[in-house]
Amino acid sequence: MVVSCFLDLASNLSWQYQSQIPLVDLSKPDSRHIIVKACEEFGFFKVVNHGVPLESISELESEALSFFSLPMSEKEKVGPADPFGYGSKGIGPSGDVGSVEYLLLKTDHSFNFQKLPQTTEKFPSAVKDYVWAVRKMACEILELMADGLKIQQRNALSKLLMDKQSDSVFRLNHYPPCTELEEASGHGGEGSRIGFGEHTDPQIISVLRSNNTSGLQISTRDGTWISVPPDHTSFFINVGDSLQVMTNGRFRSVKHRVLANSSRPRVSMIYFGGPPLSEKIIPLPSLLAKGKEESLYKEFTWFEYKRSAYSSRLSDNRLELFKRV
Ligand code: AKG
């Protein structure tokens with residue numbers, strides 16, 4: 001499917017979509033404006049010409065598939081995910097479930113891969129290379145965003161991901177095909193069983209990539225769910241709750257979910273770029289309209305937000321608690 005979104009300079013930043021998903025070409029000089037507009041309208045966009053080597057993507061995807069195809073007894077050796085490690089169906093500690101199994105890892109490489117079975121010995125280096133390349137791209141996007149927002153300090157956002165104490169995490173998801181759906185509908189494709197329930201991501205930015213299987217949907221401002229056509233060579237960017245606060249609500253933390261697919265397995269990889277635990281999550285001063293605009297949120301640290309998020313349900317509007325009344 002051809003996906004296009006272009007900047008029409010004549011009509012001053014009006015744009016068009018074919019699949020409704022904004023498209024950012026990182027090799028184009030106008031990408032910073034498209035990023036800002038996409039973050040305001042959707043909190044979501046697709047990225048091409050991203051510079052992440054395709055070998056590093058396919059290496060990790062093949063390692064992930066080998067891991068997920070192991071017998072459950074082997075995978076469970078790296079579980080339960082509390083929060084890091086292998087998890088199946090249960091998502092988080094508050095009773096959310098989905099048709100998904102996953103590996104949740106810290107990006108500081110503290111995860112003990114030695115617990116993984118021998119067949120996956122290349123796994124640690126594949127994760128390391130991939131996370132390194134994706135973090136670099138995430139930082140480039142955050143710097144373009146800062147430029148587009150006319151923030152003088154270009155690394156005001158990216159420095160939080162580059163910080164040695166950055167609390168970023170990495171998740172590999174596997175959604176097995178849902179055969180019951182196929183039997184019920186008589187054909188393959190997207191079904192209505194929940195793979196991963198609706199939620200927003202708590203961090204600053206998430207970088208998502210999947211194989212060529214559909215399932216991901218995002219919610220638009222009017223609450224309509226739209227399907228994101230899969231594209232295994234591109235990346236998808238989500239604005240997280242923290243970035244919504246740091247832009248004082250100008251950017252929108254996107255609600256998204258995954259529907260199980262009846263005919264094909266879906267494998268996705270998500271880098272969640274977070275700040276250090278002690279970082280205060282407050283609007284960037286230069287975005288508060290020369291001091292005239294008030295913050296919409298109470299002051300909190302990333303640690304406080306994370307603690308509150310972990311004890312909530314997936315679909316809760318977690319920022320509600322932190323809004324100023
Ligand atoms: C998450 O892991 O937070 C997701 O939203 C999953 C998205 C996907 O698997 O495509």
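Order of listing sets the numbers, starting from 1, for every ligand and every atom in it. Throughout, residue positions are numbered sequentially from 1 according to the sequence presented.
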Item checked: Residues lining ligand 1 [heavy-atom distance under 4.0 Å, listed by chain and residue number] -> Arg171, Asn173, Tyr175, Phe196, His199, Asp201, Leu208, His256, Val258, Arg266, Ser268, Ile270, Phe272
Check: Would Asn211 and His232 count as a side-chain hydrogen bond (donor to acceptor under 3.5 Å, both in side chains) if you check the C-alpha gap in whole Å, the side-chain angles of each, and the deciding distance to 0.1 Å?
Finding: CA-CA 5 Å; Asn211 64 351; His232 67 293; over 6 Å; no
For [Y], is there an ion pair with [X] - N to carboxylate O distance below 4.0 angstrom?
{"X": "Glu143", "Y": "Arg32", "value": "no"}
{"X": "Lys106", "Y": "Asp167", "value": "yes"}
{"X": "Glu41", "Y": "Arg252", "value": "no"}
{"X": "Glu40", "Y": "Lys37", "value": "no"}

Note to self: Applying salt bridge (charged side-chain N to carboxylate O under 4.0 Å, His left out), can you list everything that pairs with Asp25, at least two apart in sequence or on another chain?
What the structure shows: Lys28
